[in-house]
Amino acid sequence: MAQEDVFKKVVAHCKEYGFVFPSSDIYDGLGAVYDYGQMGVELKNNIKNYWWQSMVLLHDNIVGIDSAIFMHPTIWKASGHVDAFNDPLIDNRDSKKRYRADVLIEEQIAKYEEKMEKEAAKAAKRFGESFDRELFMQTNPKVLAEKQKRDALHERFAAAMNAMNLDELRQIIVDEEIVCPISGTRNWTEVRQFNLMFSTEMGSTADGAMKVYLRPETAQGIFVNYLNVQKTGRMRIPFGIAQIGKAFRNEIVARQFIFRMREFEQMEMQFFVRPGSELEWFGKWKELRLAWHKALGFGDASYRYHDHEKLAHYANAATDIEFKMPFGFKEVEGIHSRTNFDLSQHEKFSGKNIKYFDPETNESYVPYVIETSIGVDRMFLSVMCASYCEEVLENGESRVVLRLPAALAPVKLAVLPLVKKDGLPEKAREIMNQLKFSFNCYYEEKDSIGKRYRRMDAIGTPYCVTVDHQTLEDGMVTLRERDTMEQRRVAITDLESIIRDNVSITSLLKKLS
Ligand code: GAP
């Protein structure tokens, strides 16, 4: 199946099975805003729990907070977001559509990469098992020509972005002959800067109202609380503060479903370290975070690092963890060495001393910070894309199965009476009532057992048990596994111990320690 088709199917599947709905659906939606349905909220909560527990349970020097979305407006002046949180925009005069200039150029870079991959795929087909991909990529003239174009563009683009040279960004778009996907023309305006923060007013009277922003990242709530937490928690450097919460950005290019949203959720952790040790910690957190992703079992080839050439105003090192989405490798998480920029700025703008006194060195200093920042929604999308699978079975039938890691699945066990009579529903309810304290169970009695299995496959339920007439006599049920579809008879009394460990977040956490 072509990758674009996979993506379309994932989007449709999310709606059909109650994972994600467009916001304000009956009013035809609201651009780049989405709601999570009955299945989606469970999956999302499981992702959040996996992250939260990997941070605060597994590290005795990391604690969590939950700071408010509204913050003092000076915070955003201090952090640089009022002046520098901008995207370079360009309009096409014919279609009247607005684009991010950097995204248009990144897509052009991706096109060169796609051409290189196409050449490799053709050759792999031609040479079969004897194909040496590495050698081919290093020597094939067509691949090398595309690579040269890509590298030259990349270099020019990085220089323009670093200098925020808007004229040069426009010139790149012109030179690369990039066309508007709607009008197909190259009738571009100048490139302009556009601030991504949403603002509103706090207070009742027009005179006294204060302009406040909806936070574009959760990190600043951690920075301004760092000393409160350090003092009340008697934390010693190095230590971390974790937070999960909503963030808002007035994104111009709102595409690719929940990949780029205007209201989204972040899971961020700021790790406070001694000045000079930050790059060592940056390396450690890069590894730890990649291991967290890989423990989900989607295969190591699904991930790669992308080290930043253009660093944000606050960083001295930064990398993205990219995931292989159906539309290419895309950033899911950022790991940033943010220096002491944010804390120093808050010290300056607030006029308060926020230095840490280090009892080991007898020195006071503004700590350096390593940040790990992952979008819950992007993570959700990557999990859905990696899990979605269409299979043709041995009997010729097909099924859609979500091969979710069991620990993330919204429902862990479906309890299904074979028929709706003869005391089987009552027995099934009895089983549910025992097991519902240990994990999320789902009861269903409508339709044939085959149809019910398919529905459970489609929402990624790792286990189903069927209660039949024999159950009433011997206390055994049929346990069916989602991926293998294997069925075996097990005692009701054994169900909890068979299932619990496989579906718990702990099973993932153990892979990390
Ligand atoms: N505090 C640092 C920070 O916010 P970022 O790279 O801008 O860094 C971190 O964002 C993560 O937040 C991204 O890797 C992505 O997963 C998520 N994210 C950012 N913008 C998003 C958007 N518009 N929609 C969904 N997720 C987004």
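Whatever order the structure lists them in is the order used to number ligands and atoms, beginning at 1.
Nearest-heavy-atom check against atom 2 (C) of ligand 1 across K330, E371, R262, Q256 picks out E371. Considering each of S79, G334, P216, S373, the one bringing a non-hydrogen atom nearest atom 11 (C) of ligand 1 is S373.
For an aromatic pair to be called close, the ring centres must be under 6.0 Å apart, and F70 with Y213 fails this. The distance between the ring centers of Y99 and W188 falls below 6.0 angstrom. The six-membered or imidazole ring of Y368 lies away from that of F272, with a centre-to-centre distance of 6.0 Å or more. In this structure, the ring of F323 has its center no less than 6.0 angstrom from the ring center of H293. Side-chain rings of W52 and H59 stay apart, their centers remaining 6.0 Å or farther from each other.
Annotation: atom 17 (C) of ligand 1 to nearest protein heavy atom, G375 CA, 3.7 Å. Regarding atom 18 (N) of ligand 1, its nearest protein heavy-atom neighbour is F264 CE1, 3.5 Å. Scanning the protein heavy atoms around atom 14 (O) of ligand 1, the nearest turns out to be E331 OE2, 2.5 Å. Ranking the protein heavy atoms by distance from atom 12 (O) of ligand 1 puts Q266 NE2, 3.3 Å first. Looking only at protein heavy atoms, the nearest one to atom 20 (N) of ligand 1 is R249 NH1, 3.3 Å.
Counting heavy atoms closer than 4.0 Å to ligand 1, residue R378 contributes side-chain atoms (C-beta onward) but none from N, CA, C or O.
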side-chain contact (heavy atoms from CB on, under 4.5 Å) between D307 and K286, intermediate numbers included: CA-CA 11 Å; D307 293 327; K286 254 176 94 167; 3.3 Å; yes
Step-by-step side-chain contact (heavy atoms from CB on, under 4.5 Å) determination, L508 to W292: CA-CA 9 Å; L508 288 177; W292 182 89; over 6 Å; no
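Closest heavy-atom contact between I370 and W281: CG1-CB, 3.8 Å. Heavy atoms only, all atoms of each residue included: E251 and R262 are closest at O-NH2, 2.7 Å.
Checked against a 3.5 angstrom limit, the closest N/O atoms of H336 and ligand 1 fall outside it. Looking at I374 next to ligand 1, no N or O pair under 3.5 Å apart turns up.
Among the candidates K246, K44, R378, the single residue satisfying the salt bridge (Lys or Arg N to Asp or Glu O under 4.0 Å) test with E265 is K44.
For the ligand labelled ligand 1, residue V332 lies inside the 4.0 Å heavy-atom shell.
Against a heavy-atom cut-off of under 4.0 Å, E217 is close to the following atoms of ligand 1: 1 (N), 2 (C), 3 (C), 4 (O). The atoms of ligand 1 that sit less than 4.0 Å from any heavy atom of F259 are 24 (N), 25 (C), 26 (N). Atoms of ligand 1 lying under 4.0 Å from at least one heavy atom of R338, given by number and element, are 1 (N), 2 (C). Atoms of ligand 1 lying under 4.0 Å from any heavy atom of E268, numbered from 1 in the order shown and given with element: 1 (N), 2 (C), 3 (C), 4 (O). Counting the atoms of ligand 1 from 1 in the order shown, those under 4.0 Å from a heavy atom of M261 are 22 (C), 23 (N), 24 (N), 25 (C). Those atoms of ligand 1 that come under 4.0 Å of a heavy atom in E333, given as number and element, are 14 (O).
Note that R249 lies outside the cation-pi zone of F198, set by a 6.0 Å cut-off to the ring centre and a 45° limit from the axis.
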